[in-house]
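Worksheet: one structure, shown below.
Throughout, protein chains are lettered first and strands after them, A, B, ... in sequence-line order, and every chain is numbered starting at 1.
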Number of protein chains: 2
Amino acid sequence: MSHAQAPSSGPAPRLLKINEVAAETGLTTRTIRYYEEVGLLEPAARSEGDYRLYDASDLDRLQFIRSLRDDAGFSLAQIGQMLEDEAARARNRERLLGTTDPRERRIYLAEGLERVERQIGLLEAKAARLGSMIDEARARRERIEAGIAELDAAGAAPLATTSSPSPTPEPAS
Amino acid sequence: MSHAQAPSSGPAPRLLKINEVAAETGLTTRTIRYYEEVGLLEPAARSEGDYRLYDASDLDRLQFIRSLRDDAGFSLAQIGQMLEDEAARARNRERLLGTTDPRERRIYLAEGLERVERQIGLLEAKAARLGSMIDEARARRERIEAGIAELDAAGAAPLATTSSPSPTPEPAS
DNA sequence: GCTAACCTTTACGTGAACGTGAAGGTTGTG
DNA sequence: CACAACCTTCACGTTCACGTAAAGGTTAGC
């Protein structure tokens with residue numbers, strides 16, 4: 001009778017203990033508890049003996065936090081902001097489903113749109129500046145490749161002209 | 001005769017004291033000294049009384065550090081790595097200009113290419129993951145906009161069908 | 001019902017990236 | 001040369017994002 005699914009309840013949520021969550025997400029248990037401490041996520045439930053129990057949406061949320069932290073390089077405070085936006089989004093969704101009044105629906109949608117656009121703006125600003133850094137690096141690469149190609153061309157006919165000062169500019173770095 | 005340019009010397013380098021550099025870069029003097037402490041940049045010179053004196057290239061370097069830190073979100077250790085690469089690049093450039101032996105030149109260019117490609121790889125990885133996050137956010141935005149458009153459409157002909165359960169799915173947030 | 005393997009809270013430790021004095025030397029302007 | 005406004009080098013303090021150990025409670029298998 002480990003967790004014999006009650007016949008009345010739904011799809012048997014399958015809750016995970018913190019160690020399993022850590023294995024799944026690549027975070028440490030300490031980190032997960034810390035994220036709870038600073039308000040980034042509450043476990044879906046607690047066991048009888050107060051064990052933290054996480055569901056699938058908690059997993060998603062942790063992965064989202066991780067990608068915001070590692071991929072986008074946001075601080076936990078900024079991530080908290082974005083997650084609050086997510087929460088507001090969810091509340092709005094509830095309200096959206098709860099009404100059919102077009103005026104209300106329009107208001108909720110407009111709020112959601114504003115938040116999403118704020119997020120997109122933050123991410124795009126980061127991406128744009130990163131992109132220009134990449135462009136610069138690529139330009140440097142191409143100058144180097146041009147230099148190598150030039151050597152190849154010279155090497156293809158190395159004995160032809162021993163002293164041909166061809167007007168090839170120095171590939172700067 | 002504040003700084004009457006010696007007729008023999010070149011373009012009068014115009015060196016800045018640390019406070020001026022701070023104003024120019026938006027960093028604090030402490031931060032600039034700290035970056036020196038951890039080896040990110042040495043001031044171009046010191047005054048008679050040991051004041052730090054910075055030139056234009058120092059300014060560039062600090063701006064570069066700042067954009068790597070703020071825009072790309074790299075740690076100072078990673079930035080140090082990239083700057084070492086830059087230094088190696090510069091040294092290679094010297095050697096490149098100092099030789100005409102194709103074999104040497106090819107070696108230097110190959111080394112430079114490797115480093116630049118490493119940098120590009122780091123930056124592109126970051127950009128790619130950031131990009132997929134942006135895609136997700138954009139997808140959410142489009143669902144919201146679809147919801148609004150739907151409301152607009154319904155509003156354009158609001159009195160036509162009072163009970164037409166059109167098969168329009170709920171725009172999930 | 002005993003025990004190993006997990007979990008809990010509490011609390012102090014750590015490395016990165018600076019902030020903030022303290023105590024004294026330097027510079028340039030009147 | 002006096003003096004305000006810089007600068008210098010210690011050196012300790014702080015915030016963030018966790019690591020790590022201590023002292024105990026819980027769960028699952030036998």
Side-chain angles (χ1 to χ4, degrees), chain A residues 1-4 14-55 58 61-83, chain B residues 1-4 14-55 58 61-83:
Chain A
M1 57 191 64
S2 53
H3 51 70
R14 187 66 246 278
L15 297 175
L16 301 176
K17 287 186 284 185
I18 196 169
N19 215 10
E20 305 172 292
V21 175
E24 200 89 6
T25 58
L27 302 169
T28 69
T29 61
R30 173 61 169 119
T31 295
I32 297 171
R33 292 200 192 93
Y34 178 67
Y35 287 173
E36 179 180 348
E37 198 180 322
V38 297
L40 290 186
L41 71 341
E42 291 284 316
R46 289 279 188 150
S47 80
E48 185 61 29
D50 243 25
Y51 282 25
R52 289 172 178 82
L53 298 175
Y54 299 88
D55 66 8
D58 292 336
R61 193 180 173 90
L62 280 172
Q63 300 284 13
F64 186 48
I65 292 173
R66 192 167 193 237
S67 81
L68 283 172
R69 185 194 68 175
D70 295 346
D71 301 341
F74 288 112
S75 71
L76 294 190
Q78 293 173 306
I79 293 173
Q81 259 298 313
M82 301 182 101
L83 288 176
Chain B
M1 44 213 58
S2 50
H3 51 71
R14 186 69 246 279
L15 296 176
L16 302 176
K17 286 186 285 185
I18 196 168
N19 216 9
E20 307 172 289
V21 176
E24 199 90 6
T25 58
L27 302 169
T28 69
T29 61
R30 173 61 169 119
T31 296
I32 297 170
R33 291 200 193 93
Y34 178 67
Y35 287 173
E36 179 180 348
E37 198 180 322
V38 297
L40 290 185
L41 75 334
E42 291 284 315
R46 290 278 188 150
S47 82
E48 186 61 31
D50 243 26
Y51 281 24
R52 288 171 178 82
L53 297 175
Y54 299 87
D55 66 8
D58 292 336
R61 193 180 173 90
L62 280 172
Q63 301 284 13
F64 186 48
I65 292 173
R66 191 165 193 238
S67 82
L68 281 172
R69 188 194 64 175
D70 295 347
D71 301 341
F74 288 112
S75 72
L76 295 190
Q78 293 173 307
I79 294 173
Q81 258 298 313
M82 300 182 100
L83 288 176

Who are the side-chain hydrogen bond (donor to acceptor under 3.5 Å, both in side chains) partners of A:D55, not counting sequence neighbours? A:S57
Considering residues at least two apart in sequence or located in another chain, which fulfil the side-chain contact (heavy atoms from CB on, under 4.5 Å) criterion with [X]?
X: B:S47; result: B:Y51, B:L53
X: A:Q78; result: A:F74, A:S75
X: A:E48; result: none
X: A:Y35; result: A:L27, A:T31, A:L40, A:L41, A:L62, A:I65, A:R69, A:L76

Pairs touching residues 70-82 of chain A that satisfy salt bridge (charged side-chain N to carboxylate O under 4.0 Å, His left out), sequence neighbours left out: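 Of all non-adjacent pairs touching residues 70-82 of chain A, those that pass salt bridge (charged side-chain N to carboxylate O under 4.0 Å, His left out) are A:R66-A:D70, A:D71-B:R129.
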Sequence neighbours left out, what passes salt bridge (Lys or Arg N to Asp or Glu O under 4.0 Å) with A:E24? Give chain and number order. none
Considering non-hydrogen atoms only, spot the tightest contact between B:R14 and B:L16 and give its length. NH1-CD2, 3.7 Å
Heavy-atom pair of closest approach, residues A:D58 and A:E42: OD1-O, 3.7 Å
Reading nucleotides 22-30 of chain D from the 5' end, what letters show protein touch, with B for base, S for backbone sugar-phosphate only, - for no heavy atom under 4.0 Å? ---BBS---
What distance separates A:R33 CZ from A:I18 CD1, expressed to the nearest 0.5 Å? 4.0 Å
Say you draw a straight line from OG1 of B:T28 to OH of B:Y34; how long is it, rounded to the nearest 0.5 Å?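 So the gap between those two atoms works out to 12.0 Å.
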For nucleotides 15-17 of chain D, give me every protein contact, N/O to N/O, under 3.5 Å, one pair per line with atom names.
residue: D:dA17; atom: OP1; partner: A:L76; partner atom: N; Å: 2.9

Knowing that exactly one of B:R61, B:R30, B:R52 qualifies, which makes a salt bridge (Lys or Arg N to Asp or Glu O under 4.0 Å) with B:E36?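 Going through the options one by one, the only one that passes is B:R52.
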Any residue of residues 23-32 of chain A with a heavy atom less than 4.0 Å from an atom of DNA chain D: A:T28, A:R30, A:T31
Can you list, in residue-number order, the parts of residues 36-43 of chain A that come under 4.0 Å of DNA chain C, counting heavy atoms only? none
Note, A:F64 side chain near A:L83 side chain (heavy atom, < 4.5 Å):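 Yes, close enough: below the 4.5 Å cut-off.
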Below 4.0 Å from chain B heavy atoms, what is the first contacting nucleotide of DNA chain C and what is the last? C:dA17 to C:dT27
Identify whether any heavy atom of A:R52 sits under 4.0 Å from a base atom; if not, whether one sits that close to sugar-phosphate; answer base, sugar-phosphate or nothing.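 If one applies the 4.0 Å heavy-atom cut-off, A:R52 turns out to touch the sugar-phosphate alone, with no base involved.
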